[in-house]
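See below for the structure under consideration.
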Amino acid sequence: MNHKNKLFIFNEELKSKSIKSFTRTKYCRFKASDRLKFYSTISNWVFTLISLLLIIASLLDVYNIFEKSSFFNFYQTSLAITILVFFQVIANSSYELKSLRFHQCAIEISKILQKLEHISVVDKADEFDESSKDKIKQILNEYSSILKRYENHETIDFLEYKKFTMEEKNKKEESTDKSMFFLEISIFFRKYIIGLFPQFILTVVALIGFIYSFSSFIVICK
């Protein structure tokens, strides 16, 4: 095997591995963007719900609809503090900003991925030389530069990519991978249970407190 053929094989393998890596990272970054946007939407709804409960509680107090209990005063004060704390948590999480940055990162990776794929279209086997190798390395340097500018995605985003590849494989082979079930459970647990745990707890506590306070008011009025 002559030097030119060896160089061609090296470039083809390097290009193939790079395309796979770029595609995986791009998919993960898009998934991370969608996930954080979803968290932002849920957080806003939770914040709105808690604020609404506080407003209702305040109106009940203003119009003296019932005789206030000590628990109602505690609930009203606690809910107001909860809103302030939760708002601070949302602000520090920066869901919208992180989602935008992940999306921008995925777009930039898509652009250099197109450059890399274009090399395989333009350069034929008998034309693969040192210049082609330099082009690939230049694109790899651009890729590294992009990754340094952005935050890394989380494990759940990689699991989403793994699920996607497994689904594509199952479609081609017309079969079902048993490990898919456990993968979906892991994704669900990480995305909804861990990712939205604070929002879930705050919503449940706020609703239970409001319902208990309202039931106490009915008993007092009777």
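- Looking at Ser18, its side chain does come within 3.5 Å of a backbone N or O of Leu14 through a donor-acceptor pair.
- Listed by chain and residue number, nothing satisfies the side-chain hydrogen bond (donor to acceptor under 3.5 Å, both in side chains) test with Thr203 (two or more places apart in sequence, or in another chain).
- For the atom pair CD1 (Ile139) and CD (Gln114), the distance works out to 11.0 Å, reported to the nearest 0.5 Å.
- Rounding to the nearest 0.5 Å gives a distance of 14.0 Å between CD1 of Ile194 and CZ of Phe200.
- Within the 4.5 Å cutoff, the side chain of Glu117 has heavy atoms near those of the Leu113 side chain.
- Legend: residues meeting side chain to side chain contact (heavy atoms under 4.5 Å, CB included) with Ser179, ordered by chain and number and at least two apart, are Met166, Asp177.
- Between Tyr95 and Ser43, some side-chain heavy-atom pair lies under the 4.5 Å cut-off.
- When side chains are defined from C-beta on, His103 counts as touching Phe30, because their heavy atoms get closer than 4.5 Å.
- Phe182 belongs to a hydrophobic cluster whose remaining members, ordered by chain and number, are Phe181, Ile185; membership requires side-chain heavy atoms of ILVMFWY residues under 4.5 Å apart, directly or through intermediates.
- How far CD1 of Ile136 is from CD of Glu13: 11.0 Å, rounded to the nearest 0.5 Å.
- Under the 4.5 Å side-chain heavy-atom criterion for Ile, Leu, Val, Met, Phe, Trp and Tyr, Leu202 and Leu207 are members of the same hydrophobic cluster.
- In this view, Phe164 and Tyr27 satisfy the ring-ring contact (aromatic ring centres under 6.0 Å, His included) rule, not counting sequence neighbours.
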Next on the checklist: Pair Leu140, Phe22 - check side chain to side chain contact (heavy atoms under 4.5 Å, CB included), show working.
Outcome noted: CA-CA 9 Å; Leu140 288 175; Phe22 288 14; 3.9 Å; yes
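- Checked against side chain to side chain contact (heavy atoms under 4.5 Å, CB included), Gln104 has the following partners two or more places apart in sequence or in another chain: Glu108, Tyr150.
- By the 4.5 Å heavy-atom criterion applied to side chains, Tyr143 and Thr25 are counted as neighbours.
- Between Leu116 and Ile19, the shortest heavy-atom distance links the atoms CD2-CG1, 3.5 Å.
- Scanning for salt bridge (Lys or Arg N to Asp or Glu O under 4.0 Å) contacts around Glu96 gives an empty result, with sequence neighbours left out.
- For Glu142, the side-chain hydrogen bond (donor to acceptor under 3.5 Å, both in side chains) partners are Lys115, not counting sequence neighbours.
- Side-chain contact between Lys111 and Ile146 is absent, with no heavy-atom pair separated by less than 4.5 Å.
- Scored by the salt bridge (Lys or Arg N to Asp or Glu O under 4.0 Å) test, Arg35 finds Glu154, Asp157 as partners (sequence neighbours excluded).
- The shortest non-hydrogen separation linking Leu183 to Lys162 is CD2-C, 4.0 Å.
- Ser145 is linked by a side chain to side chain contact (heavy atoms under 4.5 Å, CB included) to Arg149, counting only residues two or more places apart in sequence or in another chain.
- Residues Leu100 and Ser33 are not in side-chain contact: their nearest non-hydrogen atoms beyond the backbone lie 4.5 Å or more apart.
- For the pair Glu151/Arg101, no side-chain contact is recorded, criterion being any heavy-atom separation below 4.5 Å from C-beta on.
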Identify every side-chain donor-acceptor pair in residues 44-51 under 3.5 Å, counting partners at least two apart or on other chains, and give the distances.
residue: Asn44; atom: ND2; partner: Ser40; partner atom: O; Å: 3.1
residue: Thr48; atom: OG1; partner: Asn44; partner atom: O; Å: 2.7
residue: Ser51; atom: OG; partner: Phe47; partner atom: O; Å: 2.7

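- Qualifying side chain to side chain contact (heavy atoms under 4.5 Å, CB included) partners for Tyr192, counting only residues two or more places apart in sequence or in other chains: Phe38, Phe188, Leu196.
- Aromatic ring centres of Phe158 and His153: separated by at least 6.0 Å.
- Separation of atoms OG (Ser186) and CD (Glu160) is listed at 10.0 Å; rounding is to 0.5 Å.
- One finds the NZ atom of Lys31 at 12.5 Å from the CG atom of Leu36 (value rounded to the nearest 0.5 Å).
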